[in-house]
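Both counts, for ligands and for their atoms, begin at 1 and track the order of listing.
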Amino acid sequence: MSTTFQPVLDRIATEIDATPGRGRPADYIPALASADPNRFAMAVADLDGTVCGVGEWQHPFSTQSITKAFTLALALSLEGDELWEHVGREPSGNPFNSLVQLEYENGIPRNPFINAGALVVTDRLQKLTGDASGALRTFLRAESGNPELTFDLEIAASEAAHGDRNAALAHFMASYGNITNPVPELLDQYIRQCSIAASCGDLALAAGFLARHGIRADGSTLLTRSRAKQVNAVMLTCGTYDAAGDFAHRVGLPGKSGVGGGIIAVVPGHCTICVWSPGLDQRGNSVAGVAALDRFTTLTGLSIF
Ligand code: DON
């Protein structure tokens, strides 16, 4: 076990504990609504895979949109630059589930992290692998070393029962020819992907390839150095949606949030961080999670700027 970051994590947890105002859990997916905003966890993984943490850092939570960083990496590794013909890489300045830009931009979503863009990436991965969510789970299990990591089918069912907006996005993009699989199959894969439960420790380890410039835990190459840079760059500019500017300003790291209250962040060449607290702000990012990452980069000086 690494102890390098333990004192700073302990200090952050104490500070977060003393800070009132945690936001509210996502309630548009009913199974997420009852989460306690006072829960908190944070873990840091070194490049060599040693990990330390604080709070409930080994407790699995609903990863949701954090998975979009991993599916982007997997799709890029298989498809290469052709992927960028189907999805852009500009910040949208709109909420993660917005439909408004899609018609003006002919069914090509602004970036891979808004829901429309993530649906396109999952569609590409489904075409390339025949089982996008299974490929993602296999990857996350290998990188985290946790063979138990899996889908939470209760959360998947809850999202499926309230998935009209994602269904609308998928059908609309299909009308432009930017979705290749049948929409119901795509939605099933996407919802399973988002339902993956993993802990802060699992996710800090699984994101390690982004800090190692594309190199997986076993030393093999997932992405070239250049493509790892691309994924980190899109995380910095688009990973927290219409709050990406504020996140860059406060934290100064590539990051990817999810409405389960988790955020992963990358210090390229150094370490990966995952934080979790289910209370969200208006833009769908964890209030305590962003605050903890803000403190982490301030206390350690580890930002990309
Ligand atoms: O598609 C959705 O709305 C959810 N499964 C994921 C959204 C999400 O996590 C946005 N991130 N902050």
Side-chain angles (χ1 to χ4, degrees), residues 23-33 35 37 61-72 87 91-99 102 109-123 125 132-133 136 151-173 179 183-184 186-198 203 234-247 251 254-265 274-290 293:
R24 294 183 39 187
D27 56 10
Y28 76 100
I29 300 173
L32 296 177
F61 64 87
S62 190
T63 57
Q64 296 296 326
S65 289
I66 292 176
T67 57
K68 295 171 181 175
F70 296 103
T71 49
L72 173 62
V87 63
S92 73
N94 280 312
F96 64 84
N97 55 5
S98 174
L99 288 116
L102 267 184
R110 272 286 173 102
N111 68 64
F113 294 150
I114 53 174
N115 284 7
L119 284 161
V120 166
V121 172
T122 299
D123 182 64
L125 196 56
S133 59
L136 172 66
F151 312 110
D152 182 330
L153 295 178
E154 194 191 323
I155 287 181
S158 180
E159 176 158 16
H162 296 82
D164 291 332
R165 192 170 269 264
N166 285 331
L169 289 165
H171 282 293
F172 195 57
M173 292 188 291
I179 295 293
V183 167
L186 167 61
L187 291 172
D188 182 55
Q189 285 292 329
Y190 171 81
I191 288 169
R192 284 169 77 83
Q193 159 193 328
C194 291
S195 84
I196 284 179
L203 291 170
V234 181
M235 286 171 68
L236 180 76
T237 53
C238 312
T240 46
Y241 313 108
D242 44 338
D246 191 55
F247 186 84
V251 177
K256 183 73 212 80
S257 62
V259 289
I263 308 174
I264 55 168
C274 181
V275 60
W276 172 65
S277 184
L280 308 180
D281 61 23
Q282 301 267 341
R283 286 134 153 194
N285 300 311
S286 169
V287 172
V290 177
L293 290 168

Checklist outcome for this item: Scanning both residues in full, the closest heavy-atom pair of A116 with M173 reads O-CE, 3.2 Å
Item to check | Min N/O separation V259 to ligand 1 under 3.5 Å | outcome: yes
Next on the checklist: Does ligand 1 come near enough to E159 that some N or O of the ligand is less than 3.5 Å from an N or O of the residue?
Outcome noted: yes
Checklist outcome for this item: For Q64, the atoms of ligand 1 under 4.0 Å from one of its heavy atoms are 4 (C), 5 (N), 6 (C), 9 (O)
Checklist entry - What are the two closest non-hydrogen atoms of A244 and C238, and how far apart are they? => result CB-N, 4.2 Å
Next on the checklist: Would N285 count as a polar contact of ligand 1, with the cut-off being nitrogen or oxygen pairs under 3.5 Å?
Outcome noted: no
Checklist outcome for this item: Closest non-hydrogen contact found for S98 with L169 is O-CD2, 3.6 Å
Checklist entry - Heavy atoms only: which of Y241, Y28, Y190 is nearest to atom 1 (O) of ligand 1? => result Y190
Checklist entry - Just which atoms of ligand 1 are under 4.0 Å from any heavy atom in G284? => result 12 (N)
Checklist entry - Pick one: which of V259, N285, D242 meets side-chain contact (heavy atoms from CB on, under 4.5 Å) with F96? => result V259
Next on the checklist: Is any side-chain heavy atom of L32 closer than 4.5 Å to one of S62?
Outcome noted: yes
Checklist entry - Does any non-hydrogen side-chain atom of Q193 lie less than 4.5 Å from one of L125? => result no
Checklist entry - What are the atoms of ligand 1, with element, lying closer than 4.0 Å to any heavy atom of S257? => result 11 (N), 12 (N)
Next on the checklist: Yes or no: does N97 have any heavy atom under 4.0 Å from an atom of ligand 1?
Outcome noted: no
Checklist entry - Of all heavy-atom pairs between F61 and C274, which one has the smallest distance, and what is that distance? => result CZ-SG, 4.1 Å
Next on the checklist: Under 4.0 Å from a heavy atom of C194: which atoms of ligand 1 are those, numbered in the order shown and with their elements?
Outcome noted: 5 (N)
Item to check | Among I264, I196, T63, V121, side-chain contact (heavy atoms from CB on, under 4.5 Å) partner for F70 | outcome: I264
Next on the checklist: I'd like to check which ligand 1 atoms, numbered from 1 as shown, lie under 4.0 Å from a non-hydrogen atom of S65.
Outcome noted: 6 (C), 7 (C), 8 (C), 9 (O), 10 (C), 11 (N)
Checklist entry - Considering only heavy atoms, does T240 approach ligand 1 within less than 4.0 Å through its side chain, its backbone, both, or neither? => result neither
